[in-house]
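Since the structure is predicted, the reported quantities are computational estimates derived from the model, not experimental observations. Below, read A as the first sequence line, B as the second, and so on, with proteins coming before strands; counting in each chain starts at 1.
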Amino acid sequence: MALPIPHDELFDYLVPEGLDVGVGHRVQVPLGKRAAWGIVVELLPAPTREGLQLRPLLRSAGPALPPWGIDLVAAVARRAHVTLGLALAQTVPTPARLRAGTLGLALSPADVNKALEEMRRRAPRQAAVLALVAEGRSWEELRTVRGAPSALRALVRKGFLQPSFLPFAYREERPPPSLNHEQGQALEQVLGLVGEGKTCLLFGPPASGKTEVYLEAARAVAEERRSAVLLEPEVSLLPQLWARARGRLGFDPYAYHGGLAPGARWQAWEAALHGRLRCAVGTRSAVFLPARDLGLVVVDEESEPAYKQDERAPYYHAREVAQDRARIQGCAVLLGSAAPAVTTFHRAEIGEIGLLKLQERWGGAPPQVRAVPKSGKILGAELQEAIRRHLDHGGQVLLFLNRLGFFTGAICRGCHSLLRCPSCALGLVYHRNRGFICHACGYSVAHPRCPTCGGDRFRLFGLGTERVEHEVKRCFPGTPVARLDSSTSRDAGGILAAVARGEVRILVGTQMIGKGLDFPGITLVGIIDADLLLGRPDYRGAERTYQVIVAAAGRAGRGTARGEVLVQTDQPDYYPIRHALTGNYGAFYQEELNYRRTLRYPPFAQLVRLVAEGPQGPQRLEKVGRAVARPGVEVLGPSPLLPRRGIPRAQLLLRGDKDLPRLLHELLPLAPTWLRVDPDPLTFW
DNA sequence: AGCACGCCGACT
DNA sequence: GTCGGCGTGCTC
């Protein structure tokens with residue numbers, strides 16, 4: 001058995017007579033004075049060691065994952081220096097009853113009206129509830145309707161709603177256009193990789209029709225009775241993909257992501273386990289779905305950092321896990337991007353993975369992109385002029401800023417110290433309706449006092465989406481404005497529906513709206529501050545800047561009218577911004593690669609980040625560093641980090657060549673509980 | 001990770 | 001004399 005404890009050995013138990021237990025089953029066992037659930041890893045005729053006092057297992061909950069799923073999670077656990085049992089506990093969901101509140105619409109808007117018409121007389125309550133769901137109302141609003149739970153159950157039974165949480169309602173699929181020559185060739189190549197266990201990069205600018213290739217590939221795979229898993233970096237991108245996949249495949253794909261209620265999550269997992277899952281759309285955790293006969297995994301926007309799990313162990317990257325699956329199951333892996341990670345493009349360049357290019361843009365000319373000075377304003381003169389012009393011509397405007405809140409910092413007027421979270425030391429961000437909030441731990445305070453001098457007067461500074469929204473409303477009174485970021489995402493369905501209907505003229509948001517959205521009415525995209533990502537302690541700052549600009553720009557002009565993109569920046573000549581303006585990835589890649597080579601960053605070196613928690617962190621890391629240090633392995637640090645939830649932290653960066661993971665594994669087969677091992681880190685704070 | 005044991009300091 | 005702080009060690 002693999003048990004969810006930080007002890008790197010498997011445990012032997014006796015199987016009681018008459019109990020059906022197999023590899024991959026979830027089983028409860030006595031462990032010391034308690035009972036623990038674990039996964040059966042092996043069935044043996046005799047104990048692994050002499051002298052073990054075996055205890056019988058208590059009960060079984062049946063299959064939890066197939067035997068090869070254990071190998072998959074074992075590969076992940078090994079890279080992150082976590083025990084197999086703990087990694088399994090993090091990646092395999094537990095059976096749970098299906099809960100209400102996680103229902104999505106399974107009908108097109110036209111069918112909804114038909115259904116409402118039919119139900120109005122015989123089942124008025126169901127009709128009322130269905131109408132609310134169709135409007136994208138939240139569960140909180142639904143429960144005010146009397147009898148909502150039973151109406152929901154009936155609607156599920158009739159197949160009008162399906163128990164998969166999708167954050168906004170079904171959107172009508174436009175009729176599938178036929179693939180152009182390039183796309184057809186790409187599709188053929190991808191299908192040739194099915195069964196080969198090979199990975200391929202699909203490189204094409206925004207609106208070059210990458211999604212069409214994914215969908216056609218998924219359909220071809222499903223027709224061969226194999227399964228496909230399509231990954232998006234964020235939940236907000238799933239409804240659109242789900243709807244398009246549904247239209248293309250002719251059956252309902254499953255949805256799988258971290259926001260699912262336990263019941264819905266287990267439902268999709270179990271479907272995969274029993275071979276009923278033919279297609280799934282999901283976020284990074286969906287890469288573990290134990291789909292049988294897997295033919296294809298698509299990682300859309302493969303460079304998005306959201307694919308990296310970096311809040312709790314095991315630290316993994318869905319792109320790497322997808323390739324583990326290719327190795328184990330022989331499926332094809334398709335990595336899609338308009339601005340690939342430099343490391344991924346490098347792998348394609350040296351022939352480690354395949355490369356497919358799409359060059360033609362679908363429908364219409366590419367947007368006109370230009371840089372304009374920030375000039376210390378939220379909305380500079382050029383951006384204001386452009387907004388007015390596009391509004392006058394009936395267009396919609398999208399304003400993008402990668403930061404939440406109203407003011408993003410507060411400084412004490414008495415002693416000039418920054419107002420920080422008492423347990424994380426991170427600067428508190430002022431939100432207009434919730435006061436000062438720590439974005440790391442959620443601590444909030446309405447009327448803060450300076451911890452240094454006791455003062456209660458602060459100078460507020462910095463710019464977040466709330467303040468952009470406020471400024472837009474001030475400059476364009478009477479224009480309908482909406483804001484979409486993680487603090488308003490509960491109403492994402494309603495907000496995006498209003499954008500689709502053209503009722504919202506200006507949409508302000510964070511990265512949630514920066515990629516993937518496909519609204520033909522949006523003709524102008526404004527990037528409020530393109531310099532934001534450059535100041536971070538992160539070797540990928542330039543890459544992220546290039547990617548964010550290209551992705552946000554890709555939201556403009558997806559309809560018939562030509563799009564325009566304004567990038568507010570004070571460094572228009574800095575290479576990531578300069579090349580992003582012209583969309584010249586090749587030029588950006590060459591400059592960035594030179595920089596990476598000079599400073600010995602990936603792909604020219606392998607990084608591993610060790611984070612120690614607790615007051616002895618630095619000393620302990622010092623010891624680890626001395627043990628690892630050798631020719632070819634650079635030890636950077638230890639250096640202190642901001643505390644998290646009051647726990648002091650320190651980090652050690654290791655830099656070496658491809659052998660670093662193996663070396664580290666010899667020295668540190670398993671990380672002690674105070675240490676977190678993050679292979680290929682993306683964040684450094 | 002839990003959970004118990006065990007060894008010290010503070011309080012009835 | 002007892003309660004409870006958390007360092008240490010074990011779990012088939």
Side-chain angles (χ1 to χ4, degrees), chain A residues 1-65 67 70 73-74 76-96 258 262 265 285 288 309-316 423 441 610-624 643-650 665 668-678:
Chain A
M1 303 268 319
L3 297 172
I5 56 175
H7 183 80
D8 198 28
E9 269 177 66
L10 301 177
F11 284 62
D12 294 353
Y13 288 90
L14 295 169
V15 181
E17 202 66 45
L19 198 65
D20 174 36
V21 165
V23 172
H25 288 209
R26 183 191 303 280
V27 159
Q28 197 185 32
V29 295
L31 180 67
K33 290 268 161 92
R34 70 204 152 111
W37 288 93
I39 303 283
V40 177
V41 168
E42 223 177 333
L43 288 172
L44 301 164
T48 41
R49 285 195 279 122
E50 290 287 313
L52 279 182
Q53 206 52 267
L54 299 198
R55 299 164 78 180
L57 56 86
L58 301 170
R59 55 196 171 125
S60 169
L65 80 170
I70 296 173
V73 177
V76 170
R78 193 184 147 79
R79 279 199 292 270
H81 302 256
V82 171
T83 67
L84 175 58
L86 285 171
L88 284 166
Q90 285 296 319
T91 48
V92 180
T94 50
R265 177 186 294 245
S285 54
F288 291 103
Q309 159 111 57
D310 61 3
E311 39 282 342
R312 64 186 161 274
Y315 300 101
Y316 68 87
S423 59
C441 73
L610 306 178
V611 176
E613 296 187 337
Q616 304 127 297
Q619 297 103 284
R620 286 165 155 175
L621 284 179
E622 198 90 50
K623 260 178 81 180
V624 174
R644 186 73 45 93
R645 291 171 197 273
I647 299 164
R649 302 184 305 150
H665 221 269
L668 197 79
L670 182 69
T673 47
W674 51 267
L675 186 68
R676 300 156 177 279
V677 180
D678 184 358

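The residue among Lys33(A) and Pro4(A) whose nearest nucleotide of DNA chain B lies closer to the 5′ end is Pro4(A).
Across all strands, Thr673(A) comes closer than 4.0 Å only to sugar-phosphate atoms, never to a base (heavy-atom distances). Pro47(A) comes within contact range of no nucleotide atom at all, as no heavy-atom separation falls under 4.0 Å.
In terms of heavy-atom proximity, Val82(A) sits nearest to Pro314(A) at CG2-CA, 4.2 Å.
Residue Leu10(A) contributes atom CG, which lies 14 Å from atom C1' of dT11(C) at whole-angstrom precision. Computed from coordinates, the Leu31(A) CG to dG9(C) P distance equals 18 Å when rounded to whole Å. Separating the CE atom of Met1(A) from the P atom of dA1(B) is a distance of 19 Å, rounded to the nearest angstrom. The nearest whole Å value for the distance from the CD atom in Glu42(A) to the P atom in dC12(C) is 19 Å. When rounded to the nearest whole Å, the span between CG of Leu3(A) and P of dC3(B) equals 14 Å. Atom CD in Gln53(A) sits about 14 Å away from atom C1' in dT11(C), given to the nearest Å. Spacing between atom CG of Leu54(A) and atom C1' of dT11(C) amounts to 13 Å, rounded to whole angstrom units. The distance between atom CZ of Arg34(A) and atom C1' of dA4(B), rounded to the nearest whole Å, is 11 Å.
The aromatic rings of His7(A) and Phe11(A) stand perpendicular to each other, their planes meeting at an angle above 60°, with 30° marking the opposite boundary. Note on ring orientation: taking the six-membered ring where Trp is involved, the planes of His665(A) and His81(A) are tilted (angle from 30° to 60°).
At dC12(C), one or more side-chain N or O atoms of Arg55(A) fall inside 4.0 Å of OP1 or OP2 (strictly under the cut-off).
Side-chain atoms of Arg676(A) and Tyr315(A) form a donor-acceptor pair, as typed in the model, at a separation below 3.5 Å.
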